[in-house]
There are 2 protein chains.
Amino acid sequence: MAKPQNSPITEHLAYLLAQANREINRQLELRLSKEGVPVEQWRILKVLSDGDGHSMGELADAVLLNHPTLTKMIDRMVSDTLVYRVQDPNDRRKVLMFISDRGKVLSKKLNSLAADQEEHILESYGDKSTSELKRLLESLIDSSN
Amino acid sequence: MAKPQNSPITEHLAYLLAQANREINRQLELRLSKEGVPVEQWRILKVLSDGDGHSMGELADAVLLNHPTLTKMIDRMVSDTLVYRVQDPNDRRKVLMFISDRGKVLSKKLNSLAADQEEHILESYGDKSTSELKRLLESLIDSSN
DNA sequence: CTTCAATCCTTGAACATTCAATATTTTCCA
DNA sequence: TGGAAAATATTGAATGTTCAAGGATTGAAG
């Protein structure tokens, strides 16, 4: 009588994703720490870099943060004069976020640090695997909606 | 003179991983919430299911938690009598964690809920994509050490 | 054998996140 | 139009996580 074959946790997709995410994130954090900025703030600055105003809700979705968490992170970034709030004239429930000049300067530095990482991954992991992995992840995300 | 082409954040591997991880984790959380258990506790129970004693350090690595976070989560699980601590007789700095009978019962229910999810992913995302994605993730994790 | 460094886990304080509730504005429809 | 329902953002309390430090044990070097 065989024991019920329980697949080890390392075979679950959810686990592999968590593990890979954790590792890549850790590496990215390490680079961005040169500028003393958490990953989420890099994402926020990057999204706002288009110069358009983005509402909090939009931004929360884009940077993968819950609304209250984003509000408080934005509070810090406003204190650091990296971004600023403007009330949306078309819908006064909304707040539009903009990147400041100081934010733009920082954003560029961070982009370059992040690009370093992508480069490093390409080297150690391979061009082909990387693009294939990205493709599969995009498709997984799509299929989950 | 073209503007420096800044790749959108959605093209970064780090971002895609975070997004996919968030989504899959959200789905898993939803299922496990039927038993009122966070994903990390499922992982802990699953790892301990082999019946062997696992030290806190070992466990922290396996379930992707920092040591102090694990200590406090284990405190809660001990209160719920899902697991228990035993001082390692061979090295008294270490604590060995074991799963209780109650923990085993819960673990089985959780495994089945988690299996449901994997099944659901297989259906909507496809057999082939799933195994290919797992393969690539494993290889990414390997190449990051 | 003694001492010093390393390993392992836990603790307490600082910090961050989340949940539920709230305030404001807009939308919808009766 | 008027008023209820929905959408948006924030707040405060509860909760969880992290950082730095500490206590205990082991290993290793003199």
Side-chain angles (χ1 to χ4, degrees), chain A residues 18-19 21-23 25-30 32-33 36-44 47-48 52-80 82-98, chain B residues 18-19 21-23 25-30 32-33 36-44 47-48 52-80 82-98:
Chain A
Q19 198 181 0
N21 180 50
R22 189 180 159 87
E23 179 59 27
N25 213 54
R26 200 189 55 74
Q27 289 175 17
L28 184 55
E29 249 169 17
L30 201 64
L32 299 188
S33 71
V37 173
V39 175
E40 289 79 11
Q41 292 199 12
W42 167 62
R43 290 200 200 123
I44 292 170
V47 169
L48 296 186
D52 301 345
H54 293 261
S55 76
M56 291 295 280
E58 210 185 317
L59 202 50
D61 284 352
V63 304
L64 314 176
L65 286 177
N66 299 342
H67 288 218
T69 308
L70 178 64
T71 292
K72 285 155 193 173
M73 183 159 287
I74 289 287
D75 285 348
R76 284 170 237 148
M77 294 176 78
V78 169
S79 298
D80 294 343
L82 296 171
V83 299
Y84 57 93
R85 292 177 161 99
V86 174
Q87 168 115 209
D88 185 337
N90 296 115
D91 183 342
R92 286 178 353 207
R93 288 170 303 183
K94 294 187 184 174
V95 172
L96 297 181
M97 297 305 311
F98 289 90
Chain B
Q19 197 181 1
N21 179 50
R22 187 180 161 89
E23 180 57 28
N25 213 54
R26 199 188 56 75
Q27 290 174 15
L28 183 56
E29 250 169 16
L30 201 64
L32 299 187
S33 71
V37 173
V39 175
E40 289 78 13
Q41 291 197 14
W42 168 61
R43 292 200 198 123
I44 292 171
V47 169
L48 296 186
D52 301 345
H54 293 263
S55 76
M56 290 295 279
E58 210 184 317
L59 202 50
D61 283 352
V63 305
L64 314 176
L65 286 176
N66 299 342
H67 288 219
T69 307
L70 178 63
T71 292
K72 286 156 194 175
M73 182 159 285
I74 289 287
D75 286 347
R76 284 169 237 148
M77 294 176 77
V78 169
S79 297
D80 295 342
L82 296 171
V83 300
Y84 56 94
R85 292 176 160 98
V86 174
Q87 168 115 209
D88 185 337
N90 296 115
D91 183 342
R92 284 177 353 206
R93 288 169 303 182
K94 294 187 183 175
V95 172
L96 296 181
M97 296 305 311
F98 289 91

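Any value given below was found using the heavy atoms of this structure, including those in side chains, with hydrogens, waters and symmetry copies removed. Throughout, a chain's letter reflects where its sequence line sits, starting with A, and its residues are numbered from 1.
- Among B:L82, B:V39, B:L59, the single residue meeting the side chain to side chain contact (heavy atoms under 4.5 Å, CB included) criterion with B:I44 is B:L59.
- Using a 4.0 Å cut-off between charged side-chain N and carboxylate O, B:E29 and B:R26 make no salt bridge.
- With contacts defined as side-chain heavy-atom distances shorter than 4.5 Å, the pair A:M56/A:M97 qualifies.
- Within the structure, a side-chain polar atom (N or O) of B:N66 is placed less than 4.0 Å from OP1 or OP2 of D:dT18.
- Remark: P of C:dT11 and CE of B:M56 are 10 Å apart, rounded to the nearest angstrom.
- When each of A:P89 and A:P68 is assigned the nucleotide of DNA chain C bearing its nearest heavy atom, the one mapping closer to the 5' terminus is A:P68.
- B:R93 has no side-chain polar atom (N or O) that falls below the 4.0 Å cut-off from OP1 or OP2 of C:dT7.
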When you look at A:R92 and A:Q87, which way does the side chain to side chain contact (heavy atoms under 4.5 Å, CB included) test go after all the steps? CA-CA 6 Å; A:R92 286 178 353 207; A:Q87 168 115 209; 3.1 Å; yes
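- Here D:dT26 is the nucleotide among C:dA20, C:dT26, D:dT26 with the atom lying nearest to any side-chain atom of B:D91.
- The separation between B:M73 atom CE and C:dT10 atom C1' is 16 Å, rounded to whole Å.
- Within the 3.5 Å criterion, the main-chain N or O of B:V95 finds no donor-acceptor partner in the side chain of B:R85.
- Atoms CG (B:L65) and P (C:dT10) sit 13 Å apart, rounded to a whole Å.
- One interatomic measurement links the two molecules: CE of B:M97 to P of C:dC8, which rounds to 17 Å at whole-angstrom precision.
- Between B:T69 and D:dG16, a side-chain N or O to OP1/OP2 separation shorter than 4.0 Å is absent.
- Distance, A:H67 NE2 to D:dA7 P: 12 Å, rounded to whole Å.
- For C:dT18, the base has a donor-acceptor partner in the side chain of A:K72 [N/O atoms by modelled type, under 3.5 angstrom].
- Look at B:R76 and you won't find any side-chain N or O under 4.0 angstrom from OP1 or OP2 of D:dT15.
- For the pair B:R92 CZ and C:dT10 C1', the computed distance is 17 Å after rounding to whole Å.
- Contacts with DNA chain C (heavy atom under 4.0 Å) in residues 57-64 of chain B: B:G57, listed by number.
- One atom, CG of B:L70, and another, P of C:dT11, lie 13 Å apart when rounded to the nearest Å.
- To the nearest 0.5 angstrom, B:L30 atom CG is 11.5 Å from B:N25 atom CG.
- In this structure, B:R22 places its CZ atom 12 Å from P of C:dT17, rounding to the nearest Å.
- Applying the 3.5 Å distance criterion, the base of C:dT26 shares no donor-acceptor pair with the side chain of A:K94.
- In this model, the phosphate group of C:dC9 is not approached by any side-chain N or O of B:R85 to a distance below 4.0 Å at OP1 or OP2.
- Between the side chains of A:E23 and A:Q19, no donor-acceptor pair of N or O atoms lies under 3.5 Å.
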